[in-house]
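Here the structure is laid out as structure tokens; the discussion comes afterwards.
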Amino acid sequence: MAHFSILLSLLLVVQALAFPQHRSLAGLSERKLADIVPRMNIVKPPPPPGPLSDTSAKLVNDAAHPFQSPGNDDIRGLCPGLNTLANHGYLPRQGIVTPAQIINAYCLFILGFNMGNDLALRLAYTAILVDGNPLTNLLSIGQKSALTGPDPPKPAVVGGLDTHALFEGDASTTRADAFFGDHHSFNETQFDELVEFSNKFGGGVLNLTAATEFRFQRIQESIATNPNFSFVSPRYVGAYGETAFPLLLFVDGRKADRQLPLDHAREFFQDGKMPDGFFRANESITIAIVGGLVEEIFLAHPIQPGANQGRINSYTVDPNDPGFTDQCKGYTDFVNITVKSLYPNPQGILKDTLNTNLDYFFLSMKGTNCTQVFPFDQ
Ligand code: HEM
């Protein structure tokens with residue numbers, strides 16, 4: 001028995017030492033947190049920067065930001081936007097945002113693509129709360145194989161925007177569902193389908209009609225093939241947003257006609273590469289702008305949030321999910337249910353940094369009538 005406790009303690013120490021500073025703390029047991037927290041390089045999250053003053057279209061694939069394929073130690077993940085920013089040096093090329101860089105990087109990705117401040121806040125703070133390490137203020141944009149020990153038992157990857165069915169999720173455009181294994185890498189079969197839809201509905205480009213029909217198709221495909229298909233908020237809302245992003249952010253800002261040429265689509269989705277001479281969007285792409293497109297995409301095939309029930313073709317609508325009908329419930333559910341389920345009982349410095357990140361997240365709700373909620377004592 002004594003041997004067993006010594007072995008267990010040794011295992012916990014080894015795991016804690018091997019615990020990367022960027023790895024998410026979400027879902028860890030109180031015992032494991034107690035071991036790990038003292039070994040984290042704690043960084044108080046600095047306030048996010050405000051909006052850009054110059055929001056005109058600009059050359060962003062410029063001499064200062066050349067494309068470079070990621071090196072062996074560089075981490076890339078499932079978001080073509082973040083991969084592109086890292087491959088062009090707008091984000092650190094290694095793929096992990098350091099404490100000082102997180103804010104700069106956040107600022108830079110707005111520079112890189114002209115994303116609106118509210119949308120940038122929403123994405124960045126969702127990511128740090130769901131997939132990042134709030135103590136070190138670090139976030140990895142991808143995954144890396146590593147020894148993770150028994151908790152969690154699998155997958156053997158560390159970091160990344162990876163917590164399934166929350167931010168990352170099913171029915172993605174060019175990434176497969178987690179149920180089928182690799183949900184991070186570019187999937188050629190799905191991209192070929194996107195091309196087929198663009199030819200059929202968009203006259204050879206990815207336009208709103210093609211994107212709308214492909215969104216519907218991806219949902220139907222997951223219902224018909226993935227017994228664990230989950231399509232509830234926040235993933236549900238995110239999936240529609242990601243369908244709108246390429247039309248708004250990957251289209252050259254001098255054209256801004258919401259029609260993405262397929263060779264450009266491949267560069268972004270597969271290689272994380274801006275086309276030669278690429279100009280960013282010609283206005284800040286805010287939540288309101290994305291929301292306008294999302295409404296059109298949704299209304300063409302109004303699938304409500306829900307999930308398969310462990311069997312294919314068993315999609316059942318979740319009547320409690322706010323979907324697009326109640327923005328404030330979407331916010332309060334995210335804070336009180338999603339974040340709280342990832343961190344049921346945070347203490348001390350972890351609670352403080354979570355509260356700070358939740359305050360920053362709430363900045364993205366400015367302009368709504370929603371009231372801030374506090375899942376942990378202030
Ligand atoms: C802090 C900033 C960002 C975060 C945290 C983020 C996070 C994510 C995550 C977690 C996914 C995967 C969702 C899934 O399972 O399908 C995703 C997908 C996506 N993101 Fe981002 N993203 C960010 C910025 C951007 C930007 C700036 C762009 C475009 C310029 C972008 C474009 C996309 C697109 C098009 C997809 C869908 C990929 C696909 O389904 O094939 N993202 N992002």
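Atoms within a ligand are numbered from 1 in the order they appear, just like the ligands themselves.
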Open item on the list: With the threshold set at under 4.0 angstrom, would you say His183 reaches ligand 1 through any of its heavy atoms?
Closed with: no
Open item on the list: Please tell me whether Asp177 and Ser222 have a donor and an acceptor in their side chains that are separated by less than 3.5 angstrom.
Closed with: yes
- [ ] Report, in ascending order of atom number, the atoms of ligand 1 lying under 4.0 Å from any heavy atom of Gly169.
- [x] 14 (C), 15 (O)
- [ ] Answer yes if Ile219 and Tyr315 sit in the same cluster of Ile, Leu, Val, Met, Phe, Trp and Tyr residues linked by side chain heavy atoms under 4.5 Å apart, and no otherwise.
- [x] yes
- [ ] Please could you name the atoms of ligand 1 that Ser172 approaches to less than 4.0 Å, counting only its heavy atoms?
- [x] 14 (C), 15 (O), 16 (O), 40 (O)
Task: Option with minimal heavy-atom separation from atom 11 (C) of ligand 1, where the choices are Asp170, Leu249, Leu78 - done: Leu78
TODO: Answer with side chain, backbone, both or neither: which part of Ala127 has a heavy atom less than 4.0 angstrom from an atom of ligand 1?
DONE: side chain
Task: Nitrogen or oxygen of Phe250 less than 3.5 angstrom from that of ligand 1 - done: no
Task: Where ligand 1 meets Gly81 - atom numbers and elements under 4.0 angstrom, heavy-atom basis - done: 26 (C), 28 (C), 29 (C), 31 (C), 32 (C)
- [ ] Closest by any non-hydrogen atom to atom 32 (C) of ligand 1: pick that one out of Tyr125, Phe245, Phe113.
- [x] Phe245
Task: Proximal atoms of ligand 1 relative to Met115 (non-hydrogen, under 4.0 Å) - done: 26 (C), 27 (C)
Open item on the list: What I want to find out is whether Glu213 reaches Arg218 closely enough, with some N-O distance under 4.0 Å, to be called a salt bridge.
Closed with: no
Open item on the list: Measuring centre to centre across the rings, with the benzene-like ring taken for any Trp, is Phe324 within less than 6.0 Å of Tyr236?
Closed with: yes
Task: Under 4.0 Å to a heavy atom of Arg235 - the qualifying atoms of ligand 1, by number - done: 13 (C), 14 (C), 15 (O), 16 (O)
Task: Minimum non-hydrogen distance to atom 24 (C) of ligand 1, winning option of Leu91, Leu123, Thr174 - done: Leu123
Open item on the list: When you measure from the centre of the six-membered ring of Phe67, is the NZ or CZ of Lys273 closer than 6.0 Å and no more than 45° off the axis?
Closed with: yes
Task: Tyr125-Phe362 aromatic ring centre distance below 6.0 Å - done: no
Open item on the list: Check Glu188 with Arg266, please: is the shortest side-chain N to carboxylate O separation under 4.0 Å?
Closed with: yes
Open item on the list: Applying a strict under-4.5 Å side-chain criterion to I, L, V, M, F, W and Y, I'd like to know whether Phe229 and Phe180 cluster together.
Closed with: no
Task: Selection from Ala120, Cys79, Pro80 by shortest heavy-atom distance to atom 38 (C) of ligand 1 - done: Pro80
- [ ] Look at Asp62 together with Lys58 and state whether they make a salt bridge at an N to O cut-off of under 4.0 Å.
- [x] no
Open item on the list: List ligand 1 atoms under 4.0 Å from Ala124, heavy atoms only on the residue side.
Closed with: 1 (C)
